[in-house]
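Below, chains carry the letters A, B, ... as their sequence lines are ordered, and counting in each starts from 1.
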Amino acid sequence: MKEKELRRSMAVFTIGTVMKLTNLTARQIRYYEEQQIVQPQRTETNRRMYSLSDVDRLLEIKDYLSEGLNIPAIRRIYDEEKQKTAKFPEEKEHHLTDEDVRRILYKEILDASGFNSLDKNTWKR
DNA sequence: ATTCTGACA
DNA sequence: TGTCAGAA
């Protein structure tokens with residue numbers, strides 16, 4: 001299943017088609033890149049090229065944002081995912097268990113909403 | 001015609 | 001985030 005990963009990783013979409021696929025504006029797509037949460041490739045002429053994975057990521061970012069997460073929080077999530085990938089190169093699929101994601105998201109949502117007065121042990125687990 | 005960067009009435 | 005300018 002390495003062939004599939006390769007295809008999902010190949011940058012074949014222009015920002016124009018990504019806009020249609022994600023319903024995001026070019027401004028937003030470029031901004032997210034600025035914030036380091038998506039890293040499209042560039043052509044020799046400096047045009048951004050996105051892969052299927054990038055599109056999925058953009059769609060995912062849209063969800064996180066609507067769930068109340070801010071850019072820094074989202075960046076941290078992908079950074080942690082990258083750290084685990086580096087730690088377990090073999091396990092290509094489940095880098096983060098559903099529980100890991102829930103725990104992280106719940107914490108981030110509280111951070112983003114400035115509701116940090118609660119005891120961390122209250123929603124631990 | 002499309003995309004890029006930088007800037008802000 | 002929108003939008004406009006000037007360049008590629």
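- With rounding to whole Å, Gln28(A) atom CD is found 7 Å from dT1(C) atom C1'.
- Looking at heavy atoms from C-beta onward, Ile74(A) lies out of side-chain contact with Tyr32(A) at the 4.5 angstrom threshold.
- Contact of the Tyr50(A) side chain with the Gln39(A) side chain is not registered, since no non-hydrogen atoms from C-beta on lie closer than 4.5 Å.
- In this structure, the separation between CD on Gln41(A) and CZ on Arg48(A) is 13.5 Å, given to the nearest 0.5 Å.
- When the side-chain nitrogen and oxygen atoms of Arg30(A) are compared with OP1 and OP2 of dG2(C), none of them lie within a distance under 4.0 Å.
- Helical stems in DNA chain C, defined as runs of 3 or more consecutive Watson-Crick or G-U wobble pairs with both donor-acceptor distances under 3.5 Å, are listed by first residue as B:2-8 with C:2-8.
- The nucleotide whose nearest atom lies closest to any side-chain atom of Tyr32(A) is, among dT1(C), dT5(B), dG2(C), dT1(C).
- Dashed line: the shortest gap from a side-chain N or O of Arg47(A) to OP1 or OP2 of dT2(B) is not under 4.0 Å.
- Side-chain proximity of Thr14(A) to the nucleotides dT1(C), dT3(B), dT5(B) is greatest for dT3(B).
- As a whole-Å value, the separation of Ile15(A) CD1 from dT5(B) C1' is 12 Å.
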Each nucleotide N or O in nucleotides 6-9 of chain B that has a protein N or O under 3.5 Å away: list the pair and distance.
none

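- Each of Leu24(A) and Thr45(A) was matched to the nucleotide of DNA chain C holding its nearest heavy atom; the match closer to the 5' end belongs to Leu24(A).
- Evaluation of the side-chain hydrogen bond (donor to acceptor under 3.5 Å, both in side chains) rule for Arg76(A) yields Glu108(A) as partners, not counting sequence neighbours.
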